[in-house]
Amino acid sequence: MGTEWKRKVSLFDVSDDYEASLSALFTRLSRVSINGAAAAANPPPINPWSGRPYSARYLKLLEKRRELPVWRHKDEFLRALRDNRTLILVGETGCGKTTQIPQFVLDAEDLGNHSAVACTQPWRLAAVSVARRVAQEMDVAIGEEVGYSVRFKHLCSYKTVLKYLTDAMLLREAMADPLLEKYKVIILDEVHERTLATDVLFAHLKAVLKKRPDLKLVVMSAALEVEKFQGYFSGAPLMKVHGRLHPVDIFYTQEPERDYMEAAIRTAVQIHMCEPAGDILVFLTGEGEIEDACWKINMEINNFGDHVGPVEVVPLYSTLPLAMQLKVFEPGPPSLRGGPPRRKIVVSTNIAETSLTIDGIVYVIDPGFTKHKVYDPRIRVESLLNSPISKASAHQRAGRAGRTRPGKCFRLYTGKSFNEDLQQQTYPEIFRLNLAYTVLTLKKLGIDDLVHFDFMDHPAPETLMRALEVLNYLGTLDDEGNLTHLGEMMSEFPLDPQMSKMLVMSPKYNCSNEITTIAAMLSDLNHLVYVWHLYYFDCNITMCKQSARFLVSPNCFLRPREARKAAGEARSRFGHIDGDHLTLLNVCHWYKQNSKSSTYDYFINARALKYADKVRRQLVGIMTRLGLKVCSTDFNSRVYYVNIRKALVAGYFMQVAHREQNGHYLTVKDNQIVHLHPSNSMDHKPEWVFFDEFVLTTSNFIRTVTDVRGEWLIDIAPHYYDLSNFPLCEAKRALEKLYGKREREASVTRVRRLYLTPPAAP
DNA sequence: GAGCACTGC
């Protein structure tokens, strides 16, 4: 301990010296006390957290912890924490900041017996696995003194003093308790990821710090853009901790490569022929490229015959079935003594950049591209663009080569290009995503003035305007920009506003049961499976954080490459001719009745459906809490599907396209030419459709599309289909006719009433 | 005629 700072010694106080002596004591005990006599004479020290004696594992872990680079900075950190309300800690992968810093904070702060320290992570798996690890390190049961809170899973108790949670979850907590009063110290970890939730928390917590003098904030990040963080947090002190990775030699090309695919394949083959043993990881942008490259690498190497060792080329991307994904973890072919090296070549998307760690990789090939989701508020389209990676990404990719031993990274671009062309960081999400959901969150947090809100990076004004416009049309915000009663209800759902709107409206159409199912199926089905979690858990915390993530295909329909046709046929069995939303409902119904039978025979992704069911239960819980009836129209009723489609329109009336005379579809108001995505299940091309998403890939596609009647649009959303505010187009003329028809119907009704209704008694 | 990666009381 530093001499200038005499800490208050409490029961919770575990100083370095104390732990060192404890460690020595236990070493002695374990040596002499086989028969227990010595142990009885020297009772082992009591863990102040649990009130029980420390276990042997505690000491084993303690020794490992003390080797972490961050331990050398413990005193410095505690001093900085005492003297400042905000501080920034920069530490490279493997320095131990995520597990140790929160424990240091517990050592420093005199806390009550309620949850007082929160540490955020961008990913659920990280929050859960780190919490479990830290519970072991503190020798307490998970869910007691150390807990976690992520979507669908909360493991905390009244005893919890340290809680790991996702950043989005802390934001959710802030919506109910804006000052976050139950926390004394909030640690935001992995802030360089710049998730939307982290960015919002930055600004919100900055404001909370002004209102709560007792709150402290620790911001932790990997390297890069440190000055920016420091500037934003008005010069908060900065601590740097170095990590422990093996060195990686980086090679650039002399000249820019014209064809990065060809260059990547050539480099892989060269490494295999010339470099010593060690597996290769190649980064490409998508499934098509990856399958292509795998085939070509195999071909070229096979052409060399027996002169070179055999290779196993393994593709890796998220929509690959799980069993295939797991192949990347199998060891490659063993090398024969004296023979040429054999090796495994993994060809992967970005998934291998941060999401999972593969043992044995020594060579990385980085062509410098990735696919990115980009939102254009002008045309309201999210598209996938093949674009250059950032320096931070390149750094991360290179690091994949140095995890087990010194490695090499081959960048297929020039050093000049790296220095001059690549962005420092990947664009933060706040620049790239549709902000409707985020703006609703901010409104719920009580932030009125979005334009002057203290974002670290301000989103484009158009994106904010679009979000406000959408929320206004949905009835979430009134014309002054205040949250309406409807908006209050919508903000309770962890869903896009269109979806929360259709949920809130669905009881009115007597189909909230079905709408809840469809919402669950539509909400992003990517989710994490904790396959390797326990296996890696005791080995290495960094691996545990990053190894265990496998994606479920984002779609409930499987389409294995080798069985496309069969998959298509199986899918058509579920197809509903009125549209994909109803098809999703069919799949769910089928699964509920047949969950025991082999889903794979029907090319149905059972894990996606299980996940959807989890989401559904959560949504039903929220509905019930809000007093919204969970009900269904009789399945045999003529209006069963009609009601469902109408309820969907109540949310999706802004995402509608109209078929023109020439057969093309134009989106309403924006007049974008779009095509029905070939995966749609309709047997016809309806005049009007609504859609879930507009994606720009090989063409302008609208995906997840359902037939809607024009009359419903003007009945359900007359404020949006107000013709005085509509560009001249075929859709407008079609709507004019519909309004005319409605007007005639109305006058007939008036006449009937006039003549047929008996006059009311005076 | 088709699929980068993640997340949410």
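Since this is a predicted model, take the numbers as computed values, not measurements.
B:dG8 atom P lies 10 Å from atom CG of A:Leu165, rounded to whole Å. If you take OH of A:Tyr437 and C1' of B:dT7, they are 10 Å apart, rounded to a whole angstrom. We find that CZ of A:Arg432 is positioned 10 Å from C1' of B:dC6, with the value rounded to whole Å. Counting to the nearest Å, the P atom of B:dA5 and the CD atom of A:Gln396 are 16 Å from each other. A:Met499 places its CE atom 13 Å from the C1' atom of B:dT7, with the value rounded to the nearest Å. A:Ile389 has its CD1 atom 16 Å from the P atom of B:dA5, to the nearest Å. What separates CG of A:Leu435 from P of B:dG8 is a distance of 18 Å, to the nearest Å. Atom pair A:Tyr611:OH and B:dC6:P shows a separation of 12 Å (rounding to whole Å applied).
For A:Gln618 against B:dC9, no side-chain N or O and base N or O form a donor-acceptor pair under 3.5 Å.
The residue A:Thr370 sits apart from the nucleic acid: no heavy atom pair falls under 4.0 Å. Across all strands shown, A:His154 has heavy atoms under 4.0 Å from sugar-phosphate atoms exclusively, and none from any base. Residue contacts shown for A:Met175 are absent, as no nucleic acid heavy atom lies under 4.0 Å away. Nucleic acid contact for A:Glu173: none, since no nucleic acid atom lies under 4.0 Å from a heavy atom of the residue.
A close approach under 4.0 Å does not occur between any side-chain nitrogen or oxygen of A:Arg703 and OP1 or OP2 of B:dA2. Phosphate contact (OP1/OP2 of B:dT7, side-chain N/O of A:Arg151, threshold under 4.0 Å): absent. Close to B:dA5, at under 4.0 Å from its OP1 or OP2, lies a side-chain N or O of A:Thr349.
For the side-chain contact (heavy atoms from CB on, under 4.5 Å) test with A:Val439, the passing option among A:Leu450, A:Asn434, A:Ile447 is A:Leu450; the others fail.
Nearest to the side-chain atoms of A:Arg124 among the listed nucleotides B:dA5, B:dG8, B:dC9 stands B:dG8. The side chain of A:Arg625 has B:dC9 as its nearest neighbour among B:dC4, B:dC9, B:dA2. Here the side chain of A:Thr166 is nearest to one of B:dT7, B:dG3, B:dG1, namely B:dT7. Side-chain atoms of A:His677 lie closest to B:dG3 of the nucleotides B:dG3, B:dC9, B:dA5. Nearest nucleotide to the A:Glu429 side chain, out of B:dG3, B:dG8, B:dC6: B:dC6.
The aromatic rings of A:Tyr260 and A:Phe369 sit parallel to each other, their planes meeting at less than 30°, with 60° as the upper class boundary.
For A:Glu660, the side chain to side chain contact (heavy atoms under 4.5 Å, CB included) partners two or more places apart in sequence, or in a different chain, are A:His658, A:Asn662, A:Leu666, A:Glu730. Every side chain to side chain contact (heavy atoms under 4.5 Å, CB included) that A:Arg617 has, sequence neighbours left out, goes to A:Asp613, A:Lys614.
Residues A:Thr198 and A:Thr195 bring a donor and an acceptor atom of their side chains to less than 3.5 Å of each other.
Both A:Leu495 and A:Gly286 lie close to DNA chain B; mapped to their nearest nucleotides by heavy-atom distance, the more 5′-ward contact belongs to A:Gly286.
The cationic group of A:Arg432 does not satisfy the cation-pi geometry with A:Tyr427, failing either the under 6.0 Å distance to the six-membered ring centre or the 45° limit from the ring axis.
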